[in-house]
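Quick note: numbers below take in every heavy atom, side chains included, and nothing from hydrogens, waters or symmetry partners. Order of the sequence lines fixes the chain letters, A, B, ..., with proteins taken first and strands second; residue numbering starts at 1 for each chain.
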Number of protein chains: 2
Amino acid sequence: MDDAHTVVWNRPERAAKGPAPSRTRAEITAAAIAIADAEGIEALSMRRVAKELGTGTASLYRYLASKDDLLDLMLDAVAAEDGGPPAPTGDWRGDLRTLAYRSRATIHRHPWMTSLAAGRPSLGPNSLDATEHALAALDPLGFDIDVMITVVDTLHAFVRGYAIGELAQQEAVRRSGVGIQEWMDAHAPYLDKVVSAGRHPLLARVIRDAELPHAADSAERGFQLGLERLLDGWEANLPIRP
Amino acid sequence: MDDAHTVVWNRPERAAKGPAPSRTRAEITAAAIAIADAEGIEALSMRRVAKELGTGTASLYRYLASKDDLLDLMLDAVAAEDGGPPAPTGDWRGDLRTLAYRSRATIHRHPWMTSLAAGRPSLGPNSLDATEHALAALDPLGFDIDVMITVVDTLHAFVRGYAIGELAQQEAVRRSGVGIQEWMDAHAPYLDKVVSAGRHPLLARVIRDAELPHAADSAERGFQLGLERLLDGWEANLPIRP
DNA sequence: CATTACTGCGAACACTGTACCCGAGTAGAG
DNA sequence: CTCTACTCGGGTACAGTGTTCGCAGTAATG
């Protein structure tokens, strides 16, 4: 691939001269996302994508400079799922909450997102759109741009971080290839040892109290609580408008 | 490796019968961490670790069932850096703040942590210790264990999520192999185009206002602000004690 | 001492990302 | 229309990956 000096977002899709390409970047990206969704991110290889599309592997490099570029495109493509422009309603808190829930839903639909997003700045057009929308919710308040971006960043941080925790076990189980029952059985002896050793009394309470009560919506409730606390904190402490 | 049915934390390090092993798991883990710190997580291969230790590659599999186990051990080893038991001072808010800052410092020392931690539950002994300590800071308040673990989880989520955002660009630059200046030069045309297109007026303000003012401590200030808002939110809304 | 169970490890296997090179095909120049 | 300069698709090849197998050597057990 040429143009290695520039960046995937700024590279023309089609050359000026030669024959028309038979695929598009979007097509390739969609195929890659489908594979990652269905078989996990570790099953995503260039050969696998090529097979899915019925092309030769080397052909993909006519569209992408590297696999890294493909991963960037995947992340930006799913960022578009967070939704189109939900016009600011005037209720900044409600708007930000909506964005947070949408973002969480998208991550749950594509659990491989979190591991990719670590170490990859979100500079794709759809990611930038999402940030713009979040900022727009705060715009009517008339605060300094530094405050606005900080609010958006911390909110984003919480959503991403919480989702990582939520998905960690689920992803570990999936990668192990066995069912959840076998996975828990494999871990039970170790956790039992920790609990009965007595040096983690509070953790022991968590594990015991969460034996079955660990309701299916406990993660969602925790997310909701933390989100509202963070919004509370900002609402109570927004600096005086200039 | 045998004992594939059990879990790395619960597997005896030394066999009962044969000759004494010449390395330890901790030694291997330390070598792996050193490599990841110095050359990045993508440079970490089993062959590279073996070379570092002066052993044969296959020998590592006498100590570890898989590379995945090694990654788990690495994460738990750095979790120990978060520090020993900082006895609860009675000031729960200060204690949690201390833990958050320590955790952030550890992540900055080992930027590969975030990408590993995504998709990997923190069940190692040192990670469990850290959680126990965080819970201990809240224990004197006498709240329900569910509330306590939610506070700790949301705090953890914020710290992890914020660090991911902080490190994303830095890691992308490092992976690209070029200096920060070349990296920014490569991205500038694209960002200029976005800004001058005019469809992201708020982002444009962020980019322009952060041209140079983007002080070295701006990330730290954002972290501090977000953390205090989250703690504010909890402080103002802790449920009535039973 | 013989047996057993382990250790270290060279070699090999099935994969990975991707560079190179080719024939085939298309757009613009003259 | 012809010619030239380019692009597209993709087979092949290379260096590197995680991991398994089998074998020689060693320590503890009976």
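Spacing between atom CG of A/D68 and atom P of C/dG17 amounts to 11 Å, rounded to whole angstrom units. Summarising the geometry, the separation between CD on B/E42 and C1' on D/dT17 is reported as 14 Å, rounded to the nearest angstrom. Spacing between atom CD1 of A/I28 and atom P of C/dG17 amounts to 14 Å, rounded to whole angstrom units. Following rounding to the nearest Å, B/I35 (CD1) and D/dT17 (C1') show an atom-to-atom distance of 15 Å. Rounding to whole angstrom units, NZ of residue B/K51 and C1' of D/dT17 are separated by 13 Å. Taking atom CG of A/L60 as the reference point, atom P of D/dG9 lies 10 Å away to the nearest angstrom. A straight line from CD1 of B/I41 to P of D/dG18 spans 11 Å, rounded to a whole angstrom. Following rounding to the nearest Å, A/Y61 (OH) and D/dT12 (P) show an atom-to-atom distance of 18 Å.
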Inset, instruction - Start with the C-alpha distance between B/T29 and B/T24, add both sets of side-chain angles, then the distance that settles side-chain contact (heavy atoms from CB on, under 4.5 Å), and finish with yes or no. - result: CA-CA 9 Å; B/T29 306; B/T24 64; over 6 Å; no

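A/R104 forms a cation-pi arrangement with A/F223, by the criterion of a distance under 6.0 Å to the ring centre and an angle within 45° of the ring axis.
Applying the salt bridge (charged side-chain N to carboxylate O under 4.0 Å, His left out) test to pairs two or more places apart or on separate chains, those with a residue in residues 175-192 of chain A are A/R175-B/D68.
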Legend entry - Base versus backbone protein contacts along nucleotides 7-16 of chain C [heavy-atom cut-off under 4.0 Å; B, S, -]: BBBB-B---B

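Across A/W183 and A/S176, no two heavy atoms sit closer than the pair CD1-OG, 3.7 Å.
The only member of B/L71, B/V78, B/I35, B/I107 that meets side-chain contact (heavy atoms from CB on, under 4.5 Å) when paired with B/W112 is B/V78.
Under the side-chain contact (heavy atoms from CB on, under 4.5 Å) criterion, A/E132 pairs with B/H200, B/P201, B/L202, B/L203, sequence neighbours left out. Judged as a ring pair (Phe, Tyr, Trp, His ring centres under 6.0 Å), and not counting sequence neighbours, A/H156 has no contacts. The side-chain contact (heavy atoms from CB on, under 4.5 Å) test applied to B/V8 returns B/R11, B/R25, B/D69, B/L73, not counting sequence neighbours.
Axis orientation changes by 0° from one end of the helix from C/dC1-D/dG30 to C/dG30-D/dC1 to the other, with each end axis drawn from 5 pairs and the value rounded to 10°.
With respect to B/D209 and B/R205, no salt bridge is recorded, no charged nitrogen being found less than 4.0 Å from a carboxylate O.
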